Amino acid sequence: MTAETSQTLDRGLRVLKLLADTDHGLTVTELSNKLGVNRTVVYRLLATLEQHALVRRDLGGRARVGLGVLRLGRQVHPLVREAALPALRSLAEDIGATAHLTLVDGTDALAVAVVEPTWTDYHVAYRAGFRHPLDRGAAGRAILTARAGGPAEGPGYTLTHGELEAGASGAAAPLVGVSGLEGSVGVVMLAEAVPERVGPRVVEAAREVADALR
């Protein structure tokens with residue numbers, strides 16, 4: 001801590017981060033131990049966060065992230081979309097296929113930014129807001145592969161065919177090194193197979209988006 005920072009605010013933010021990292025909530029005692037402060041301080045922090053609906057406590061007394069964080073989260077996607085668009089435009093124009101940024105939303109993959117190429121005679125129509133299970137399609141599979149720490153089909157990218165739309169192939173690479181976000185950058189095209197150069201180009205675009213979001 002420095003003279004310019006608030007210890008109370010810092011502790012409150014640490015509480016939110018701790019709660020965000022658990023599916024089962026934390027008790028006052030558990031939070032007290034993790035923060036290294038006494039229970040009275042934790043009670044005060046939770047009471048303040050509850051007033052702003054950022055924390056809720058269940059019948060068993062375990063604290064969990066509250067619905068108030070959703071109001072804050074609504075502003076995240078537009079900011080992420082704006083940061084990603086230059087790299088997505090370049091990718092779409094270079095490959096001649098629809099490019100997209102996809103983020104995890106619960107158990108789904110959610111497209112938050114989409115750019116279609118301007119010069120092709122035809123391409124796959126894809127819209128922001130489209131969602132699908134994480135275990136279907138290149139975008140979701142790339143995220144799951146990165147989450148598991150397993151090998152991708154190529155040097156950092158995942159390929160699929162026909163999983164979300166008949167006749168369509170996809171390539172996607174996960175965002176790496178972006179704190180608090182799980183996502184991928186990819187392309188979808190009407191083709192039986194993804195051309196060899198597409199995978200490495202998608203990895204490059206994912207790196208560019210990650211750099212813009214750091």
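Here, residue 1 is the first one in the sequence, and each next residue gets the next number. Just so it is clear, the model here is predicted, and its values are computed rather than measured.
In this structure, the side chain to side chain donor-acceptor pair (under 3.5 Å) partners of R62, at least two apart in sequence or on a different chain, are E30. Annotation: side chain to side chain donor-acceptor pair (under 3.5 Å) contacts of D211 (sequence neighbours excluded): R214. Checked against ring pair (Phe, Tyr, Trp, His ring centres under 6.0 Å), H132 has the following partners two or more places apart in sequence or in another chain: F130. Remark: E116 pairs with H123 by the side chain to side chain donor-acceptor pair (under 3.5 Å) rule, at least two apart or across chains.
Between the OG1 atom of T98 and the CG atom of L88 there is a distance of 11.0 Å, given to the nearest 0.5 Å. Note that the CG atom of L45 and the CG atom of L54 stand 12.0 Å from one another [nearest 0.5 Å]. Note that OG1 of T158 and CD1 of I143 are 10.0 Å apart. Values are rounded to the nearest 0.5 Å. Annotation: the span from T118 atom OG1 to R89 atom CZ amounts to 11.0 Å, rounded to 0.5 Å. Here the CG atom belonging to L16 is positioned 11.0 Å from the CG atom belonging to D21, to the nearest 0.5 angstrom. For the atom pair OG1 of T22 and CG of L18, the computed distance is 9.5 Å after rounding to the nearest 0.5 Å.
The two residues A173 and G156 come nearest to each other via the heavy atoms CB-O, 3.5 Å. Summarising the geometry of A146 relative to P174, their closest heavy-atom pair is CB-CB, 3.6 Å, with the distance given to 0.1 Å. A63 and L31 get closest at one heavy-atom pair: CB-CD1, 4.4 Å. In plain terms, the two heavy atoms of T160 and R141 that are nearest each other are CG2-CD, 3.7 Å. Nearest approach of A212 to A83, heavy atoms of both residues: CB-O, 3.6 Å. The minimum heavy-atom distance linking G137 with E163 is given by the pair N-OE1, 2.7 Å.
Remark: the T29 side chain and the R39 side chain contain an N/O donor-acceptor pair separated by less than 3.5 Å. A donor atom on one side chain and an acceptor atom on the other are found under 3.5 Å apart for H100 and T102.
Side chain of W119 to backbone of G96: no donor-acceptor contact under 3.5 angstrom is found. At distances below 3.5 Å, not a single donor-acceptor pair connects side-chain atoms of R56 with backbone N or O atoms of R64. Proximity of a side-chain donor or acceptor of T48 to a complementary backbone N or O of R44 within less than 3.5 Å is detected.
Residues L181 and V176 are members of separate hydrophobic clusters, defined by side-chain heavy-atom contacts under 4.5 angstrom among Ile, Leu, Val, Met, Phe, Trp and Tyr. Neither L144 nor L164 shares a network with the other; the hydrophobic side chains, linked directly or stepwise wherever heavy atoms of I, L, V, M, F, W or Y lie under 4.5 Å apart, form separate groups for each. In the hydrophobic clustering of this structure, V114 does not group with L91; members are Ile, Leu, Val, Met, Phe, Trp, Tyr whose side-chain heavy atoms approach within less than 4.5 Å, directly or through other members. Y122 and V124 fall within a single hydrophobic cluster, where Ile, Leu, Val, Met, Phe, Trp and Tyr are joined by side-chain heavy atoms under 4.5 Å apart, directly or via other members.
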Using distance only, find each side-chain donor-acceptor pair of residues 103-110 under 3.5 Å and give its atom names and separation, not counting sequence neighbours.
| from | atom 1 | to | atom 2 | distance (Å) |
| --- | --- | --- | --- | --- |
| D105 | OD2 | R131 | NH1 | 3.0 |
| D105 | OD2 | R131 | NH2 | 2.8 |
| D108 | OD2 | R131 | NH1 | 3.2 |

For residues 183-205, which side-chain N or O atoms pair as donor and acceptor with protein atoms under 3.5 Å away, sequence neighbours left out?
| from | atom 1 | to | atom 2 | distance (Å) |
| --- | --- | --- | --- | --- |
| S184 | OG | A139 | O | 3.0 |
| R197 | NH2 | D94 | O | 2.8 |
| R201 | NE | D94 | OD2 | 2.7 |
| R201 | NH2 | S90 | OG | 3.0 |

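The side-chain heavy atoms of V65 and V55, taken from C-beta on, include no pair separated by under 4.5 Å.
Between E50 and R57, at least one side-chain nitrogen of the basic residue sits less than 4.0 Å from a carboxylate oxygen of the acidic one, meeting the salt-bridge criterion.
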